[in-house]
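The structure appears right after this line, and notes come after that.
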There are 2 protein chains.
Amino acid sequence: MRADAARSRRRILDAACEVFLERGPDAPLDAVVRRAGVGPATLYRRFPDREALVRALVTDLLARLTEAAEEARRAEDDPYLALRRFVHAAADLRMGAAIVVLLEHLVVDGELAAVRRGTVTAVEGLLHAARDAGRLRADVGMGDLVLLCVRLSRPLPGALAALDADGSLVHRHLDLALAGLAAAPGDQEGAPRRALGFDEVIAAAGRPGEPGPTGVAE
Amino acid sequence: MRADAARSRRRILDAACEVFLERGPDAPLDAVVRRAGVGPATLYRRFPDREALVRALVTDLLARLTEAAEEARRAEDDPYLALRRFVHAAADLRMGAAIVVLLEHLVVDGELAAVRRGTVTAVEGLLHAARDAGRLRADVGMGDLVLLCVRLSRPLPGALAALDADGSLVHRHLDLALAGLAAAPGDQEGAPRRALGFDEVIAAAGRPGEPGPTGVAE
DNA sequence: AACGAAGCGGAGAAAATCTCTCCGCCTATT
DNA sequence: AATAGGCGGAGAGATTTTCTCCGCTTCGTT
């Protein structure tokens, strides 16, 4: 692949990530094009339709997340710090986008499912290690972790997004939330229900229109 | 006002709240109409243009928030619990919508500013009481509180929203995050920077196009 | 350094979506 | 039971979005 083509491809994927995150997975591809600073033809040449773009985006992001999880495990001795490191990396990767878009416009076929399983396994490793070390509340599951990441790493709506132009606010709020997930000395006022598993998230996300390419009916 | 008209009005406001929250303040009014289950004419008769709708929505929401803050103060002795009660109430009111929409499509004129000031004052009362009682980290400001509420009370994107059909997940995650805001025994790993004030949020939100009716240029 | 192949952006046609109004029927209130 | 006020649906016009064709530019190679 030619160098300029690879560059365009990456710019498009990055732009798509941001745009889908901000405006939902039905955002006009035109907006992606504008954000990427390329011509429409360039997008359509590389990705024949919306699904191809989404699939590439999600696959790319999952691979990076897996890598981030493994990097975090290697880099930190304390399992809680490793988890924390990963969560921050995931926010930087705008992990929200993968999940947002993942099961809305995509059939999770064999290949994608395999990539996803790899990611989930890697992250579960971090989570369980932190929990087993007593550094994390027992009632926090993968589902909770994922959903908190999605919620906290989404860009703020509208003009508010400017508040966090450099992303430091996201990290601050992640730290605040992580402090809430950490094993606390006992005075937790509400919360303690049962942990939310990843499978439950998947199941819910697949619901609306039978895992069809473009499920979703209002 | 006739009873059926009042009912329609409320259905439209509730629908607008959800739709703006999910799809941003530029969401088609058509979508509001569909969600509300009324005819288009009903919306346009009551609210001549988008701004009228947004203004009514925001005013209504701010009034309810103020009421919720006062109710929480009355209902709980412990200031931390009062704050917690308010935050949960705010989530139920989908407080996010007010902020999302507030400074994007609206000039905050005299009347609206007054209503907003009332709300901010009431909530600041709760926050400061909790902080003075030593139940809250000192580095948590109104801005942090508002932004956490916005982030956590937004509906989950796309199909994921089904996960939290009854809203119980929001409350669970709010509790987790609140635990992070509570005064902790010292082992907070990251976070502690300076508190984010409400004024900073307002300032950022007002930025994009000079407080014009429809500011915002890409 | 110069050639050929691959890639790029812009203009714009066709399709889809959104805004907003007219009008005949229905429902609250007296 | 009368009447004023309200309601929903159909649809015209404007706007937005999708997607393609084509002439110029850039990359990789000889």
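Chain naming here is simple, since letters A, B, ... match the order of the sequence lines and numbering starts at 1 in each. When reading the values below, keep in mind they use all heavy atoms of this one structure, side chains included, and skip hydrogens, waters and symmetry mates.
Look at CG on Leu43(A): it is 15 Å from P on dG7(C), rounded to the nearest Å. Atom-to-atom, CZ of Arg34(A) to C1' of dA11(C) comes out at 16 Å; the value is rounded to the nearest Å. The distance from atom CD1 of Ile12(B) to atom P of dG8(D) is 8 Å, rounded to the nearest whole Å. If you measure from atom OH of Tyr44(B) to atom P of dG9(D), you get 15 Å, rounded to the nearest angstrom. Distance, Phe47(B) CZ to dC20(C) P: 14 Å, rounded to whole Å. Summarising the geometry, the separation between CE on Met1(B) and C1' on dA28(C) is reported as 14 Å, rounded to the nearest angstrom. Atom CG in Asp26(B) sits roughly 11 Å away from atom P in dT16(D) (whole-Å rounding). At whole-Å resolution of the value, CZ in Arg45(B) and P in dG8(D) are 8 Å apart.
Set against dG10(C), dA28(C), dA5(C), the side chain of Arg2(B) has dA28(C) as its closest nucleotide. When distances run from any side-chain atom of Ala5(B) to the nucleotides dT18(D), dG7(C), dG6(D), the shortest one goes to dG6(D). Comparing dC7(D), dG10(C), dC8(C) by their nearest atom to the side chain of Ser8(A) picks out dC8(C). Side chain of Arg7(A), nearest nucleotide from dT29(C), dG8(D), dC27(D): dC27(D). Nearest nucleotide to the Asp4(A) side chain, out of dC7(D), dG7(C), dC18(C): dG7(C).
A sub-4.0 Å separation between OP1 or OP2 of dG9(C) and a side-chain N or O of Thr42(A) is present.
Heavy atoms of Arg50(A) sit under 4.0 angstrom from primed sugar atoms or phosphate atoms, though from no base atom. The residue Ala41(A) sits close to a base: some heavy atom pair falls under 4.0 Å. Using a 4.0 Å heavy-atom cutoff across all strands shown, Arg9(B) reaches no nucleic acid atom at all. Note on Asp30(B): a base of the nucleic acid sits closer than 4.0 angstrom, heavy atoms only. Residue Leu29(A) is classed as a sugar-phosphate contact, given heavy-atom separations below 4.0 Å to backbone atoms only. The residue Pro28(A) sits close only to the backbone: its heavy atoms come under 4.0 Å of sugar-phosphate atoms, none of a base.
Crowding of Arg10(B) atom CZ: a count of heavy atoms from other residues, nucleotides or ligands under 6.0 Å exceeding 12.
A side-chain donor-acceptor contact under 3.5 Å links Asp109(B) to the backbone of Leu112(B).
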